[in-house]
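Down below is the structure, laid out as structure tokens.
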Amino acid sequence: SQQGEEDPQALSIQEGENATMNCSYKTSINNLQWYRQNSGRGLVHLILIRSNEREKHSGRLRVTLDTSKKSSSLLITASRAADTASYFCATRNTGANSKLTFGKGITLSVRP
Amino acid sequence: DVKVTQSSRYLVKRTGEKVFLECVQDMDHENMFWYRQDPGLGLRLIYFSYDVKMKEKGDIPEGYSVSREKKERFSLILESASTNQTSMYLCASSLSIQETQYFGPGTRLLVL
């Protein structure tokens, strides 16, 4: 069952530009996580934001969460060619044993 | 650093064969997960385990079984492989079921 839905599906930008990716979800969450996947590899965890947090930073990454709109955004500043990858949001619903539910992903291409 | 390893990066099997995919984590994590990833469908949870010998069905358990005899090892079994099980299989582990998941590199399985 799909919970998080990313937008856009694909994004192509020039090196040095900022990349903004969005995620919307339907039901109440405990936390929302962003992951990155390089082509043909496993996923790497980027950042976790809890439902009582509004913004988090990690290096060139900035994540915001708006629980009233049930949406999150991931901003990558000063993008590099090495940022080219697929990005997934994953939501953890409220509930003791709720699973992590992944969206379908956004393909980001950063042109050198 | 957490390390999650999977027994094979690429695997080619014939229809009807029994297939074992092995996953090992080295961080004493309680929880382990098996996902499959298909284009346009994102990651879908097959099975997960929150303790040795414990297992829970995910969203798409049909055609699969799992085994967790030791804490560090979680095996996915395809009892009789079919062509629609051709996919990328990803294993993950986490300390808490609520928190970050750490992924292995993935096994790309082709069933002929």
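All heavy atoms count here, side chains included; hydrogens, waters and symmetry mates do not. Letters go in sequence order (proteins before strands), and every chain restarts at 1.
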Quick one: pull up CG in A:Leu100 and OG1 in B:Thr100 and give me the separation to the nearest 0.5 Å. 9.0 Å
Going by ring-ring contact (aromatic ring centres under 6.0 Å, His included), name the pairs with one or both residues in residues 37-73 of chain A, residues two or more places apart or in two chains. A:Tyr35-A:His45
Is B:Glu99 close to chain A through its backbone or its side chain, or both, or neither, when contacts mean heavy atoms under 4.5 Å? both
ILVMFWY cluster, B:Val24 and B:Val19 together (side-chain gap under 4.5 Å): no
Please answer: with hydrophobic residues joined when any side-chain heavy atoms are less than 4.5 Å apart, are B:Val66 and B:Phe48 in the same cluster? no
Give the cluster check for A:Leu46 versus A:Tyr25: same hydrophobic cluster or not, with ILVMFWY residues linked at side-chain heavy-atom distances below 4.5 Å. yes
Is the number of heavy atoms from other residues, nucleotides or ligands within 6.0 Å of CD (A:Gln9) greater than 12? no
Kindly compute the distance separating CZ (B:Phe103) from CZ (A:Arg41), expressed to the nearest 0.5 Å. 14.0 Å
Tell me, side chain or backbone of B:Tyr35 under 4.5 Å from chain A's heavy atoms, or both, or neither? side chain
Does B:Arg14 have more than 12 heavy atoms from other residues, nucleotides or ligands lying within 6.0 Å of its CZ? no
At a heavy-atom distance under 4.5 Å, which candidate from B:Gly40, B:Gly106, B:Gly58, B:Ser94 has the highest pair count against chain A? B:Gly40
Between the side chains of A:Gln33 and B:Gln101, does any donor sit under 3.5 Å from an acceptor? no
Drop me the distance from A:Thr101's OG1 to B:Asp59's CG, to the nearest 0.5 angstrom. 6.5 Å
Once you round to the nearest 0.5 Å, how far does CG of B:Leu43 lie from CD of A:Gln37? 7.0 Å
Counting only heavy atoms from other residues, nucleotides and ligands, does the tally under 6.0 Å from CZ of A:Arg60 exceed 12? yes
Toward chain A, the part of B:Arg9 with a non-hydrogen atom under 4.5 Å: side chain
